[in-house]
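I have placed the structure first, in the form of structure tokens, so that the comments after it can refer back to it.
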Amino acid sequence: MYRRLMEHLTTAVLLLDGELRLRWMNPAAEALLAISLSRLKGQPLPSLIDGEEDIGGLLAKARDEFHPFTQREARLTLTTGEVLTVDYTVSPLGADELLLEVEPRDRLLRISREEALQTRQETIKVLARGLAHEVKNPLGGIRGAAQLLERDLADPGLKEFTRIIIEEVDRLRDLVDSMLGPNRMVRHEPLNIHKVLERVRALLIVEHPAVWIERDYDPSLPELSGDEAQMIQALLNVARNAVEAMTEAGTASPRLRLRTRARRQFTLGAERHRLVCEVAIIDNGPGIPDSLRETLFYPMVSGRAEGSGLGLSIAQSILHQHQGLIECDSVPGHTQFRLLIPLEKRHD
Ligand SMILES: Nc1ncnc2c1ncn2[C@@H]1O[C@H](COP(=O)(O)OP(=O)(O)O)[C@@H](O)[C@H]1O
Ligand SMILES: [Mg+2]
């Protein structure tokens, strides 16, 4: 009966012998560690999960001192290469038996956070689009009327005012167009992410020659499927923010790093993907202002006086159109934006 109870628990439970070899684990543990009991049984656990701390040492200490303990936010590297953040509790059951309960932290937190974030972003996007359409409709009429007026003005000195009307209408139209985001369908063509990054790099070198741009590419990454022009736009929006932030803050030796990696068994939103392409854009600038953290990806949120606040919102919608997303971690001196794009369709 106890075994049946264990088998239905959603908490991962492992039973180790005195030599820290795996005696048994429940299906929740198999799912978490992405390995079956039959493959792992009898093997020493510390050799299979590689942590930041010395897990073997901690387990042995609990066994020798016969004292339970809980380790929070431990990082484990699984045999699949995936890194998990977990809390785990070790309870010695007897001289030669240890009970290990493992609870994942980041995946759960991240999935729920991403879902909430995506829903919020969708809502804001729908609102912004509706508003943009309403603003755009009368603009054509205003522009046309100003042109007619300009033609019939007797006093050329008054033309300055109709010019202003026309120019401001054009500016508003461009703003509204960028709020509406990419309006054509995304193409799905073979796309080489490194070619895209090289384009972005070439543009930035011209714009900001003082910034040192470093490349750290994973040449084994296969081709993606997507829209090259839009992907250039997304990456440029993110990378340009980084160099602008560094330039404006007067960062000493400003550095931008463009890094690509393949991530296996990666969950984006609620979907698990076999292979995901990660493009990280890392800068050593001032970091994201605290006041922007929660709303960073919303349209019209900007930390700069002349900013439109549309760059990241557009980049995020382009990523969504590619079933991907953008994440961000930032502390002063180290800001990282990660663009995650699925390479292989989810397994259903
Ligand atoms: N790498 C970065 N370092 C510091 N701040 C950043 C970085 N990326 C974005 N930001 C902040 O996020 C804001 C929003 O960016 P964005 O949506 O592109 O709008 P904009 O660039 O027009 O302000 C920026 O104004 C800036 O304050
Ligand atoms: Mg920007």
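The chain is numbered in sequence order, starting from 1. Note that ligands are numbered from 1 as they come in the structure, with each ligand's atoms numbered from 1 the same way.
Counting non-hydrogen atoms of other residues, nucleotides and ligands closer than 6.0 Å to NZ of Lys195 gives a total of 12 or fewer.
Within 4.0 Å of ligand 1, counting heavy atoms only, the contacting residues are Asn241, Ala242, Ala245, Asp283, Gly287, Ile288, Leu292, Leu296, Val301, Ser302, Gly303, Arg304, Gly307, Ser308, Gly309, Leu310, Gly311, Leu312, Thr335, Phe337.
Between Tyr2 and Glu7, the side chains place no donor N or O within less than 3.5 Å of an acceptor N or O (distance only, hydrogens not considered).
The main-chain N or O of Asn26 is never found under 3.5 Å from a side-chain atom of Arg3 such that the two would form a donor-acceptor pair.
Note on Ile282: it does not cluster hydrophobically with Leu258, by side-chain heavy-atom contacts below 4.5 Å among ILVMFWY residues.
The shortest distance between side-chain heavy atoms of Arg259 and Gln336 falls below 4.5 Å. For the pair Ile341 and Leu319, the minimum side-chain heavy-atom distance is below 4.5 Å.
Residue Ser308: no N/O/S atom is found under 2.8 Å from the Mg ion (ligand 2).
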